[in-house]
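Notes follow the structure.
We use all heavy atoms of the structure for the numbers below, so side chains are in, but hydrogens, waters and symmetry mates are not.
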Amino acid sequence: MASAAAKQAPKTAPKASAGATGAAGAGGGPPIMPLASPLMGKKKKPFLGMPAPLGYVPGLGRGATGFTTRSDIGPARDANDPVDDRHAPPGKRTVGDQMKKSQDDDDEDLNDTNYDEFNGYAGSLFSSGPYEKDDEEADAIYAALDKRMDERRKERRELREKEEIEKYRMERPKIQQQFSDLKRKLAEVSEEEWLSIPEVGDARNKRQRNPRYEKLTPVPDSFFSKHLQTGENHTSVDPLQGLGGLNTPYPGSMTPGLMTPGTGELDMRKIGQARNTLMDMRLSQVSDSVSGQTVVDPKGYLTDLNSMIPTYGGDISDIKKARLLLKSVRETNPHHPPAWIASARLEEVTGKLQVARNLIMKGTEMCPKSEDVWLEAARLQPGDTAKAVVAQAVRHMPQSVRIYIRAAELETDVRAKKRVLRKALENVSKSVRLWKTAVELEEPEDARIMLSRAVECCPTSVELWLALARLETYENARRVLNKARENIPTDRHIWITAAKLEEANGNTQMVDKIIDRAITSLRANGVEINREQWIQDAEECDKAGSVATCQAVIRAVIGIGIEEEDCKHTWMEDAESVSSIISVLHKESLEALLQRAVAHCPKAEVLWLMGAKSKWLAEDVPAARSILALAFQANPNSEEIWLAAVKLESENNEYERARRLLAKARSSAPTARVFMKSVKLEWVLGNIEAAQELCTEALKHYEDFPKLWMMRGQIEEQCENMDKAREAYNQGLKKCPHSVPLWLLLSRLEERVGQLTRARAILEKARLKNPQSPELWLESVRLEFRAGLKNIANTLMAKALQECPNSGILWAEAVFLEARPQRKTKSVDALKKCEHDPHVLLAVAKLFWSERKITKAREWFLRTVKIEPDLGDAWALFYKFEMQHGTEEQQEEVRKRCENAEPRHGELWCAESKHVLNWQKKTGEILAEVASKIKNTF
């Protein structure tokens with residue numbers, strides 16, 4: 001091609017010469033010499049011998065461009081050859097496709113199918129022509145017209161489009177719209193209905209449900225020794241070689257060292273020695289030297305280790321989320337004190353104490369007027385730094401009582417505490433709390449002087465007046481109390497204190513006058529006399545030894561607020577709560593009260609029984625018998641009085657008298673309870689045949705009384721007659737199908753003889769007969785758990801909670817069915833459902849007990865026995881807890897409180913108290929018996 005162009009050069013004068021030059025340069029051949037010219041003899045231009053400028057193309061200035069040869073662009077390519085772009089989309093992957101596409105783009109589509117009568121051709125007929133300025137102006141004018149016309153039609157078009165969309169949506173609604181009515185109905189679904197929706201089963205196959213975990217086998221030391229000798233890397237063990245490895249070491253392999261490459265030996269003994277040496281060095285850092293010997297304090301060492309471990313056991317992701325959230329709160333509102341406090345406590349819980357201190361100090365800068373931030377900063381800082389923080393807080397908030405109290409607590413010297421509190425009283429002289437704290441640190445004489453000043457600054461504080469009266473002499477105390485009544489005429493405690501003062505100094509005749517005057521004065525000042533509050537004050541007076549004041553208060557308020565027609569009802573309530581009045585009345589007052597009560601209400605059986613009980617507790621059995629005789633006259637054939645007389649005789653070992661009374665009661669007042677007590681008396685005395693005969697006779701008259709069937713079956717069980725016991729229970733269930741204890745006894749009998757399937761079937765039948773019975777569900781769960789089927793027990797518990805969502809005994813059992821990490825969450829759910837249920841509170845107390853949180857466990861035990869003092873299981877567990885973690889005084893207090901409460905219910909309690917061998921045991925003895933049988937299995 002280049003030679004052909006050279007031959008044609010004379011024909012195409014300037015253009016060809018330029019082209020030939022470009023071609024020769026491009027082709028890489030020898031340069032073509034210019035032809036001879038008449039200008040050769042002239043002087044050369046100065047630029048001819050110089051190199052061309054960068055980017056210079058010969059002939060480009062006059063429009064002469066060169067041509068490209070095949071050697072410039074490479075060989076020709078077939079239409080089916082792939083293009084250079086390996087990721088080209090379909091339709092552009094070959095040379096032919098791209099050429100066809102470019103040709104289609106260049107050609108105008110003038111086909112009839114592309115023509116419209118109104119719009120013309122779809123494309124532009126003149127797209128291949130040059131685009132000039134007038135074309136641009138025309139396009140702008142047309143665009144402005146189109147925009148103007150579009151604005152005129154915009155409203156109609158949008159309305160039409162909206163109608164079309166609505167019509168389309170009506171014809172073809174979305175799935176979300178199809179279920180909108182059902183989603184609205186979800187708002188009416190209750191929580192119980194939602195929880196009753198059955199769970200979706202596990203649809204995975206057996207291999208997915210039970211994955212086979214990879215088994216790992218420890219590699220012996222000889223294996224490592226072998227590969228250290230060979231110096232090679234292997235991924236499998238040669239079965240033909242022994243585990244001893246090769247015996248020939250590499251040259252130079254005897255270099256001493258533990259893990260030197262190429263070594264022929266792996267000395268595990270040296271590794272153990274090195275580990276022991278490292279441990280010795282660490283132990284020596286926490287040891288002290290005593291008489292030349294190194295002694296380690298293991299308690300201090302373990303405490304040091306525990307201090308290095310973060311106490312937070314939650315998820316790390318939760319910590320990160322909380323940290324991010326709190327950071328956002330601080331940045332959004334930097335003057336919000338709780339954000340800084342929460343951030344510092346989060347870091348403290350996660351073990352980053354220094355970060356917490358830095359955060360809270362930053363918080364004091366942003367919130368200098370917040371008490372809580374300063375107190376939190378003082379808590380987080382160490383001793384001297386905390387004092388500096390509190391001093392800084394006082395400068396910002398000189399009227400804050402809590403900061404002054406914290407400053408006093410940080411001082412270890414009593415004189416320093418006094419100095420801080422006195423400085424605080426100079427700034428805040430009206431604070432009762434500061435005065436009380438300061439007085440507690442003083443000696444009696446100084447405290448009296450300080451209280452004299454305190455009542456001047458705080459004349460409305462009853463506590464300060466009473467404290468000053470206690471420290472004064474008799475005459476001065478009377479003056480102080482009189483002045484206190486003048487300043488605070490509406491407080492009853494000042495009057496009661498005045499009465500106690502007179503009693504303590506022997507002026508008992510003044511006590512009644514002071515109490516009467518108190519009631520008159522309080523009424524004159526518009527104070528309502530609350531009878532219950534005054535009775536509680538009387539009890540406190542009795543505990544303090546002020547018996548005369550106690551009696552005066554009782555006499556003054558016992559008739560207040562009682563209408564004539566409500567006399568009987570009020571006396572009944574007093575009789576039921578008479579245990580609280582017994583401790584504040586002398587025997588004569590109590591007897592007089594009961595005599596007045598039975599005179600007004602002779603038909604009130606409980607008043608007669610309380611009178612008899614008071615005599616019995618005073619060990620005056622003949623007087624108790626006489627009271628019951630009078631009760632018989634007023635209430636002939638009364639079941640309660642008959643049974644009280646029987647109990648009185650049996651408790652005093654008068655068994656023949658009790659038998660005669662029961663025989664007389666069966667003839668004159670034959671009730672089911674009288675027959676039951678008759679059977680029970682013979683049973684506990686060991687007369688089994690007589691008990692069986694009486695039970696048979698009783699069942700002839702009261703076959704629908706379930707306790708008789710229970711006693712019959714239990715007597716047969718005691719005699720080892722399991723078949724007869726089963727028959728008695730079955731007959732009883734035919735007559736009393738809704739008696740849950742009967743079903744439980746039959747189920748336990750079958751379980752005891754080894755018939756687990758039959759016991760399970762009995763409980764299922766019982767649940768069908770008695771739906772929503774928590775006791776039956778609980779027994780079913782425990783049956784499966786005792787059989788070792790924990791999964792089935794968990795399934796049954798879930799069903800039980802669906803059917804009985806507010807059952808405390810089920811939630812209490814569910815807490816301890818969970819694994820230890822999930823018990824706390826389950827207990828929170830239980831408290832949400834059954835906030836005041838004693839069984840749930842008891843379960844929470846046991847949970848804290850199991851976690852060794854002694855203080856919290858004691859608080860929850862106290863809360864449980866306060867809510868339900870009749871639950872014997874709570875008292876037994878509380879007593880067991882105090883036996884393990886409490887002092888003798890705490891154990892004695894629990895025992896006395898239990899004896900005063902006289903509990904009657906509880907699964908563990910009833911199992912012991914109703915046992916035939918324990919029928920004469922007192923409450924304290926039963927408490928010790930139940931506590932001794934409790935094991936900390938939780």
Check the orientation of Phe878 and Phe861. Use parallel for under 30°, tilted for 30 to 60°, and perpendicular for over 60°.
parallel
N-O pairing of Glu411 and Lys417 below 4.0 Å:
no
Should Cys550 and Glu539 count as side-chain neighbours, where that means a heavy-atom distance under 4.5 Å?
no
Could you tell me which residues satisfy side chain to side chain contact (heavy atoms under 4.5 Å, CB included) with Ser370, sequence neighbours excluded, listed by chain and number?
Pro337, Cys367, Asp372, Val373
Does the side chain of Pro869 reach to within under 4.5 Å of the side chain of Pro903, using non-hydrogen atoms?
no
Taking side chain as C-beta onward, heavy atoms only, is Leu862 less than 4.5 Å from Arg897?
yes
Can you see whether Trp860 has Arg863 sitting over its ring - NZ or CZ less than 6.0 Å from the centre and within 45° of the normal?
yes
Which residues satisfy the side chain to side chain contact (heavy atoms under 4.5 Å, CB included) test with Leu908, sequence neighbours excluded?
Asp873, Val930, Ile934
Side-chain donor or acceptor of Trp374 paired with backbone N/O of Ile403 under 3.5 Å:
no
Can Thr923 and Glu902 be counted as having a side-chain donor-acceptor contact under 3.5 angstrom?
no
Could you pull out the closest heavy-atom pair between Pro838 and Leu871, with the gap in Å?
CB-CD2, 4.0 Å
Taking the cut-offs as 6.0 angstrom to the six-membered ring centre and 45 degrees off its axis, would you call Arg485 and Trp495 a cation-pi pair?
yes
Looking at every heavy atom in both Arg448 and Leu468, which two are closest together, and how far apart are they?
O-CD1, 3.7 Å
Around atom NZ of Lys418, are there more than 12 heavy atoms from other residues, nucleotides or ligands closer than 6.0 Å?
yes
For the backbone of Lys483 and the side chain of Asn487, can you confirm whether one donor and one acceptor N or O come within less than 3.5 Å of each other?
yes
Arg422 vs Met450, test: side-chain contact (heavy atoms from CB on, under 4.5 Å). Steps then yes/no.
CA-CA 10 Å; Arg422 287 175 181 174; Met450 187 170 282; 4.2 Å; yes
Tell me the closest heavy-atom pair linking Ala931 and Ala876, and the distance in Å.
CB-O, 3.8 Å
Please check if the number of heavy atoms outside Lys880 that lie under 6.0 Å from its NZ is greater than 12.
yes
Indicate whether any N or O donor in one side chain lies under 3.5 Å from an N or O acceptor in the other, for Asn482 and Arg479.
no
Tell me whether Glu899 is salt-bridged to Arg895, with the criterion being a basic N under 4.0 Å from an acidic carboxylate O.
yes
Here the gap from Thr460 atom OG1 to Lys430 atom NZ, rounded to the nearest 0.5 Å, amounts to 9.0 Å
Looking at side-chain heavy atoms only, is the closest gap between Phe881 and Ile854 below 4.5 Å?
yes
Any donor and acceptor pair, going by atom type alone, linking the side chain of Asn525 with main-chain N or O of Ser521 inside 3.5 Å?
yes
Charged N to carboxylate O under 4.0 angstrom, Glu376 versus Arg379?
yes
Taking all non-hydrogen atoms of both residues, which atom of Ile488 and which atom of Val462 are closest, and how far apart?
CD1-CG2, 3.6 Å
Lys500 and Cys541: which non-hydrogen atoms are nearest, and at how many Å?
CD-SG, 4.0 Å
Closer than 3.5 angstrom, by distance alone: can the side chain of Glu925 be matched with the main-chain N or O of Lys922 as a donor-acceptor pair?
yes
Beyond-backbone contact of Glu540 with Asp537, side-chain heavy atoms, under 4.5 angstrom
yes
Quick one: CD on Glu775 to SG on Cys804, what's the gap to the nearest 0.5 Å?
8.5 Å
Atom CG in Asn530, atom CD in Gln533: separation rounded to 0.5 Å?
4.0 Å
Are Arg478 and Glu472 close enough that some pair of their side-chain heavy atoms sits under 4.5 Å apart?
no
Is Asp870 reaching over with its side chain to a backbone N or O of Arg904, donor-acceptor style, under 3.5 angstrom?
yes
If the threshold is 4.0 Å, N to carboxylate O, is there a salt bridge linking Lys921 and Glu912?
no
Does the pair Lys513/Glu502 count as a salt bridge with the N-to-O cut at 4.0 Å?
no
Heavy-atom distance under 4.5 Å between the side chains of Trp849 and His885, does that happen here?
yes
Side-chain ion pair, Arg453 and Glu456, N-O less than 4.0 Å
yes
I would like to know whether His839 and Leu842 meet side-chain contact (heavy atoms from CB on, under 4.5 Å); could you show each step before the answer?
CA-CA 5 Å; His839 297 90; Leu842 185 60; 5.6 Å; no
Across all chains, not counting sequence neighbours, the side chain to side chain contact (heavy atoms under 4.5 Å, CB included) partners of Ala499 are Val511, Ile514, Ile515, Thr549
Glu475, CD: over 12 other non-hydrogen atoms inside 6.0 angstrom
yes
Is Glu882 reaching over with its side chain to a backbone N or O of Tyr879, donor-acceptor style, under 3.5 angstrom?
no
When you measure from the side chain of Ser913 to the backbone N and O of Trp909, does any donor-acceptor pair fall under 3.5 Å?
yes
Evaluation steps, salt bridge (Lys or Arg N to Asp or Glu O under 4.0 Å), between Glu859 and Lys856:
CA-CA 5 Å; Glu859 291 176 358; Lys856 287 189 176 181; over 6 Å; no
Got Asp829 and Lys833 here, is their nearest side-chain heavy-atom distance under 4.5 Å?
no
Spacing of NE2 belonging to His493 relative to CG belonging to Leu466, to within rounding of 0.5 Å:
8.5 Å
CD (Glu835) with more than 12 external heavy atoms under 6.0 Å:
no
Point-to-point distance, once rounded to the nearest 0.5 Å, from CD1 of Ile496 to CG of Leu481:
12.0 Å
Pair Gln399-Tyr404, side chain to side chain donor-acceptor pair (under 3.5 Å): steps then yes or no
CA-CA 9 Å; Gln399 300 295 320; Tyr404 281 118; over 6 Å; no
Let's go through Leu841 and Leu831 carefully: what are the C-alpha distance in whole Å and the side-chain angles of both, what is the deciding distance for side-chain contact (heavy atoms from CB on, under 4.5 Å) to 0.1 Å, and is it a yes or a no?
CA-CA 8 Å; Leu841 298 179; Leu831 286 172; 4.0 Å; yes
More than 12 heavy atoms of other groups within 6.0 Å of Glu528 CD
no
Tell me, with the steps shown, if Phe848 and Thr855 meet side-chain contact (heavy atoms from CB on, under 4.5 Å).
CA-CA 9 Å; Phe848 283 125; Thr855 305; over 6 Å; no
Roughly how far, to the nearest 0.5 Å, is the CH2 atom of Trp435 from the CG atom of Leu425?
5.0 Å
